[in-house]
Amino acid sequence: DAKHLYTIVVLGASGDLAKKKTFPALFGLFKNRYLSRNTRIIGYARTKMDQTSFEGHVSKFIKVKNEEDKAALSRFLSVCSYQSGQYDHDGDFQELEKHIERVEKISGAKERLFYMALPPSVFIPVAACLKKNNYRQDVVTRLIVEKPFGMDLDSSRKLAKELGALFKEEEIYRIDHYLGKEMVKNLMILRFANVIFGSVWNRHSIDNIQITFKEKIGTQGRGGYFDEFGIIRDVMQNHLLQILTLVAMEPPVTLSSEDVRDEKVKVLRFIPPIAKEDILLGQYTKSEDGKEPGYLDDSTVPRGSKTPTYAAATLFIHNERWAGVPFVLKCGKALDQQKTEIRIQFKDVPGSIFTNLSRNEIVIRVQPGEALYVKMMNKEPGLGMKTIISDLDLSYSSRFNSSVIPEAYESLILDALNGDQSNFVRDDELDAAWKIFTPILKTIDEGEIDPIPYALGSRGPEGVSEFVAKYGYTREQQQ
Ligand code: BG6
């Protein structure tokens, strides 16, 4: 049950992120009693809304499956209230302070969580207003912030400096929602709670590692926004790199946030900036039947834009454990399927006495359908000594009750409420991540790399198979 009693303020409450992720996650926590019944939630945004329209907005993406959910939703809405105001106006934040004090009088809350679901342009003005008008020395204050954290190393540092002048690092919770996903959280347990992986988890046994993110949807209506960032900033520099870090880091001394993040930073610092020859870019065009529009058909996308909607990049970690092992990160929109997975491919069996061998692989499927499976050679049952590749399969849907798997945002908001920063990005971690990507992003932004076109709904740009093969990835032998 709830350990803390908070007032939660969602800034940017009328926006998409709040509607699709923040409020449904808060509801999930409330329904399952991870939020105290006395918690009060205040939405703040520029849009003028009365309580009824705010409730409509909040509940839009909340799934109500039965009567119990319905009752929980109505209790949840009764602890939510809304206030509109500008993002840079002290007077409005003073009104917000009165609102907070009013609800705190009833709830008795002594802790405040400010959830910034805001566009980057108003980020610092809002943080400054909060510090000036809504920050009290005797109240525990936490700030959840959402990407983008800058566009490159310089802008990220500028942002960090401005935010750091207002709030302490231990008050800032930078969300990367992939860190809240069940299978991503499982990585530390898999690696450090099993003896069987420890001794093979290095360059002596592993040939290459593939981390793949595929999405079916294109930029649909977000084209203009997306064009400023591109797929590398949108997905690779954060979500995929975070996964890489957890796959590659050394064991932390303890599970404390600082120990975990120290190890993550360390592994990032061993990765040199990505070289131009280690990257392949793509941009989607119309679907093959011509019915679905291509990226450049979106009127909000600048004509002739070279922004990648697909990227494959190979990173190397120059430390004792990983020297020479390619980590191939691939991500794209408008592809044939939705899938995020980690594929750890082992080396060939040295001097094998068998023919027709495929490599061992450990596959961690992050989504959809959480699963872990190990590809291994087996004797094909029957007479003779034929080999066959088989799976040791741990599919969550058949082994566990998958309905207990929380949404990433629920898990992370709960961590923030409990003051656990281990699954949030620390400032030096962000810095190290930008150092890896900034030079190549500059080259891309200058239009020096032409993205390879691929049809919406296809498997991606031509050349990807050759790209992954170049870094050692070997397909399964046909049996
Ligand atoms: C977001 C990106 O961070 O992650 C989106 O901005 C992307 O473009 C999304 O679609 C993917 O998240 P999930 O949880 O749906 O895999």
Side-chain angles (χ1 to χ4, degrees), residues 12 15-25 28 61 63 115-120 123 144-151 156 173-187 211-246 281-284 295 298 300-301 305 307-311 329-342 364-371 396 402 405-413 423-425 430 433-434 437 441 456-457 460:
D16 237 33
L17 177 72
K19 175 171 71 178
K20 290 187 179 150
K21 300 287 183 190
T22 318
F23 285 113
F61 282 82
K63 290 189 197 94
Y115 193 117
M116 314 255 277
L118 293 165
F123 203 77
I144 293 188
V145 297
E146 285 273 354
K147 80 171 169 55
F149 307 124
M151 293 287 287
S156 162
Y173 289 70
R174 291 179 197 83
I175 277 210
D176 182 310
H177 78 285
Y178 267 60
L179 291 177
K181 292 197 187 256
E182 187 68 20
M183 294 310 274
V184 176
K185 289 175 75 181
N186 195 18
L187 284 167
I211 303 173
T212 310
F213 165 101
K214 288 176 135 201
E215 206 167 45
K216 278 171 100 162
I217 50 169
T219 53
Q220 282 148 346
R222 290 169 80 216
Y225 159 84
F226 183 88
D227 201 71
E228 274 182 58
F229 296 92
I231 195 74
I232 296 181
R233 291 183 178 95
D234 192 43
V235 172
M236 190 185 273
Q237 179 268 1
N238 33 65
H239 307 329
L240 298 194
L241 191 65
Q242 282 295 337
I243 295 180
L244 176 147
T245 318
L246 288 165
L281 304 179
Q283 189 186 69
Y284 71 88
Y295 179 67
D298 182 334
T300 61
V301 171
S305 163
T307 298
T309 59
Y310 182 98
L329 312 187
K330 287 174 284 166
C331 50
K333 292 199 170 270
L335 294 171
D336 56 333
Q337 57 173 328
Q338 187 221 357
K339 186 168 78 178
T340 303
E341 69 171 29
I342 308 159
I364 298 154
R365 198 191 305 130
V366 176
Q367 64 186 31
E370 290 82 355
Y396 274 38
S402 337
I405 298 178
E407 277 296 318
Y409 273 89
E410 286 180 29
S411 164
L412 293 175
I413 294 173
N423 286 315
F424 293 85
V425 185
L430 186 61
W434 277 122
F437 283 92
L441 283 167
L456 179 148

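Every heavy atom of this structure was used, including side-chain atoms; hydrogens, water molecules and symmetry mates were not. Just follow the structure's listing: the first ligand is 1, and inside any ligand the first atom is 1.
Atoms of ligand 1 found under 4.0 Å from any heavy atom of Lys181, numbered from 1 in the order shown, are 13 (P), 14 (O), 16 (O). Contact atoms of ligand 1 toward Gln367: 13 (P), 16 (O) (distance under 4.0 Å to a heavy atom of the residue). Per-residue contacts place His239 under 4.0 angstrom from the following atoms of ligand 1 (heavy atoms of the residue considered): 1 (C), 3 (O), 4 (O). Numbered from 1 in the order shown, with element, the atoms of ligand 1 that lie under 4.0 Å from a heavy atom of Lys147 read 1 (C), 2 (C), 3 (O), 6 (O).
At least one N or O atom of Lys333, backbone or side chain, sits closer than 3.5 Å to an N or O atom of ligand 1.
The closest side-chain heavy-atom distance from Val184 to Val366 is below 4.5 Å. At least one side-chain heavy atom of Ile175 sits less than 4.5 Å from a side-chain heavy atom of Tyr115.
Under a 4.0 Å heavy-atom criterion, Tyr178 is in contact with ligand 1.
Residue, atom and distance of the protein heavy atom nearest to atom 8 (O) of ligand 1 are Asp234 OD2, 2.5 Å. Nearest protein heavy-atom neighbour of atom 10 (O) of ligand 1: Glu215 OE2, 2.5 Å.
Under the side chain to side chain donor-acceptor pair (under 3.5 Å) criterion, Lys19 pairs with no residue at all, not counting sequence neighbours.
Ring orientation note: the planes of Tyr173 and Phe424 are nearly perpendicular, at an angle over 60° on the 30°/60° scale.
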Ignoring hydrogens and angles, write down the donor-acceptor pairs under 3.5 Å from the side chains of residues 222-232, residues two or more places apart or on other chains.
unit_1 : atom_1 : unit_2 : atom_2 : d
Asp227 : OD1    : Tyr295 : OH     : 2.5
Asp227 : OD1    : Ser305 : OG     : 2.6
Asp227 : OD1    : Thr307 : OG1    : 3.0

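With a heavy-atom cut-off of 4.0 Å, Glu146 does not touch ligand 1 at all.
Counted by atom type alone, Ser411 and Lys185 present one or more donor-acceptor pairs between their side chains at under 3.5 Å.
Around the CD atom of Glu407, the shell of radius 6.0 Å holds no more than 12 heavy atoms that belong to other residues, nucleotides or ligands.
The option from Glu407, Gln338, His177, Lys214 that lies nearest to atom 13 (P) of ligand 1, judged by heavy atoms, is His177.
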